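Down below is the structure, laid out as structure tokens.
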2 protein chains.
Amino acid sequence: MRGMQIATDTRSRIIAAAKPRFHSRSYANVGIQEICESAGVQKGSFYHFFPSKRDLVLAVIDEFADEWAHGFVAEAFDPALPPMERIDYLVDAAYFWQKSIKQVHGRMLGCIFGNLTLEVSTQDDILRAKLLAIFSRAKSRFKATLEEAVAAGTIAPLDSDLTAEAMLAYLEGVILLAKSQNDPEVIYRLGPAIKTLRVETAG
Amino acid sequence: MRGMQIATDTRSRIIAAAKPRFHSRSYANVGIQEICESAGVQKGSFYHFFPSKRDLVLAVIDEFADEWAHGFVAEAFDPALPPMERIDYLVDAAYFWQKSIKQVHGRMLGCIFGNLTLEVSTQDDILRAKLLAIFSRAKSRFKATLEEAVAAGTIAPLDSDLTAEAMLAYLEGVILLAKSQNDPEVIYRLGPAIKTLRVETAG
DNA sequence: ATCGTAGTTGACCGTACGGTCAAATGCAAG
DNA sequence: CTTGCATTTGACCGTACGGTCAACTACGAT
């Protein structure tokens with residue numbers, strides 16, 4: 001089945017071409033033609049693998065999510081680490097990643113999930129749902145970590161669900177502000193304060 | 001000079017047509033033609049008042065900033081209010097504003113400055129600088145408020161500059177997450193935790 | 001009455017957009 | 001050797017994009 005291999009290769013070349021473009025520019029500003037040229041693929045071939053531009057960006061989101069899940073996130077949420085140190089690790093990872101992107105690319109690109117959320121979520125509920133699911137998983141990681149920290153007595157009891165969401169919000173907000181300054185050092189300076197965030201239990 | 005009046009009227013009709021569109025969609029997704037049709041203006045007339053699309057969005061940003069500065073922000077940062085209550089007030093204002101937008105428009109549109117920042121700041125340094133200036137002013141408000149709270153003994157001493165920036169980041173992040181859920185209640189739930197954020201003084 | 005100019009008109013520029021299609025090609029299975 | 005399907009090709013669709021332009025209008029100032 002060499003045909004299959006070529007096929008999947010074409011598909012992944014398209015995604016590989018699309019990823020940095022959607023990350024560094026925006027959904028609307030990247031055209032399918034440009035992606036095809038960069039991937040060395042014809043437009044008809046593109047539409048053989050992706051019914052629409054939206055389906056491409058859906059695949060791109062998945063690739064980014066997998067990349068993170070199997071990379072920094074897996075490292076950060078290592079059960080061997082003390083719970084609260086995992087959160088530090090994640091913030092550090094975000095910092096170093098943005099910093100290295102800036103070194104290579106000249107600009108801070110920020111979080112592709114946040115970028116796409118603010119751009120498209122009023123216009124496309126399917127994309128919004130996809131991004132929401134990504135955030136939801138991220139929140140779960142934070143929540144489990146917080147609960148472990150509470151159980152270990154590292155931190156005082158709190159509303160782990162809301163605090164997890166607050167921490168995720170803060171991380172996205174810090175990256176947003178860093179992007180507005182085109183300066184990853186903002187993450188370095190503000191990131192650690194994530195651990196000061198607390199939502200008390202309602203009861 | 002009735003000519004001037006008509007002229008400025010055309011200009012502000014253009015801005016008035018552009019504002020809700022840029023807010024509810026995105027920079028790239030709103031065309032000049034559509035704006036002109038909605039404003040009842042010809043394209044040539046548009047380019048008489050605005051050298052480029054970028055100059056229009058610059059004017060739109062200014063209008064939004066003024067609207068906020070003279071509305072909720074002025075109310076929130078009322079010197080008569082106890083300092084930390086001003087921050088609560090601002091978060092509340094963001095919540096009620098987004099809620100009312102959703103009631104009218106059916107969707108949570110979020111913060112136009114955050115939206116534009118993530119969309120265009122890698123592609124247009126002039127727009128980025130404009131948005132950065134907006135955030136910078138917002139941060140100053142927070143900072144002054146924090147310093148007043150410290151002076152009054154309401155809160156323990158902290159790094160007012162970094163904490164102000166952290167609070168602004170958090171607010172933007174909360175609005176981002178709320179937008180991803182198309183639900184302003186997220187702001188209601190997470191907003192108050194803004195006051196738990198702290199960056200300790202370096203010394 | 002005339003001049004200068006701000007404002008307006010509507011056609012027009014080249015380019016790019018997302019998406020479609022019929023025809024060709026490559027290749028594995030029968 | 002043929003059938004059948006996945007894949008690829010490249011031309012093509014209509015529409016919209018940001019922006020330009022010469023001509024025209026309206027009107028205050030001299």
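All values derive from a computational prediction rather than experimental measurement. A, B, ... follow the sequence lines: proteins, then strands. Residue 1 opens every chain. Note that these values count all heavy atoms, side chains included, but never hydrogens, waters or copies made by symmetry.
- No side-chain N or O of A:Ser38 forms a donor-acceptor pair with one of A:Arg13 less than 3.5 Å apart.
- A donor and an acceptor atom, one from each side chain of A:Ser26 and B:Glu119, are nowhere located under 3.5 Å apart.
- Distance CZ (A:Arg11) to P (D:dA6): 15 Å, rounded to an integer number of Å.
- The side chain of A:Gln42 has D:dG10 as its nearest neighbour among D:dT8, C:dC17, D:dG10.
- Distances shorter than 4.0 Å separate some side-chain N or O of B:Thr10 from OP1 or OP2 on C:dT8.
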List every contact pair, protein side and nucleotides 19-22 of chain C side both N or O, where the distance is under 3.5 Å.
| from | atom 1 | to | atom 2 | distance (Å) |
| --- | --- | --- | --- | --- |
| C:dG19 | OP2 | A:Tyr47 | OH | 3.0 |
| C:dG19 | OP2 | A:Lys53 | N | 2.9 |
| C:dG19 | O5' | A:Tyr47 | OH | 3.4 |
| C:dG19 | N7 | A:Lys43 | NZ | 3.4 |
| C:dG19 | O6 | A:Lys43 | NZ | 2.8 |

> Once Watson-Crick and G-U wobble pairs under 3.5 Å are found, how is DNA chain D written in dot-bracket notation, 5' to 3', with | for any base paired to another strand?
Replying inline: ||||||||||||||||||||||||||||||
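- Taking A:Thr145 as the reference, A:Phe77, A:Pro83, A:Arg86, A:Ile87 meet the side-chain contact (heavy atoms from CB on, under 4.5 Å) condition, with sequence neighbours excluded.
- Whole-Å rounding puts the A:Glu34 CD to C:dG18 P distance at 10 Å.
- Counting only heavy atoms from C-beta on, B:Gln33 has its side chain closest to D:dC17 among C:dT8, D:dC17, D:dA6.
- Residues satisfying the salt bridge (charged side-chain N to carboxylate O under 4.0 Å, His left out) test with B:Glu67, not counting sequence neighbours, are B:Lys19.
- Between A:Asp9 atom CG and C:dG26 atom P there is a gap of 17 Å when expressed in whole angstrom units.
- Considering only residues two or more places apart in sequence or on other chains, A:Lys53 meets the salt bridge (charged side-chain N to carboxylate O under 4.0 Å, His left out) condition with none of them.
- Following rounding to the nearest Å, A:Ile14 (CD1) and D:dT9 (C1') show an atom-to-atom distance of 14 Å.
- Within a heavy-atom distance below 4.0 Å of DNA chain C, no residue of residues 24-31 of chain B is found.
- Shown here are the side chain to side chain donor-acceptor pair (under 3.5 Å) partners of A:Ser24, two or more places apart in sequence or in another chain: there are none.
- Distances shorter than 4.0 Å separate some side-chain N or O of B:His48 from OP1 or OP2 on C:dG7.
- Pairs of residues two or more places apart, or lying in two chains, never qualify as ring pair (Phe, Tyr, Trp, His ring centres under 6.0 Å) while including a residue from residues 100-122 of chain B.
- Checked against salt bridge (charged side-chain N to carboxylate O under 4.0 Å, His left out), A:Asp159 has no partners two or more places apart in sequence or in another chain.
- Sorted by first and then second residue, the ring pair (Phe, Tyr, Trp, His ring centres under 6.0 Å) pairs involving residues 169-203 of chain B (not counting sequence neighbours) are B:Tyr95-B:Tyr188.
- Every residue two or more places apart in sequence or in another chain that forms a side chain to side chain donor-acceptor pair (under 3.5 Å) with B:Glu165 is listed here: A:Gln181.
- With sequence neighbours excluded, the residues that form a salt bridge (charged side-chain N to carboxylate O under 4.0 Å, His left out) with A:Arg54 are A:Asp124.
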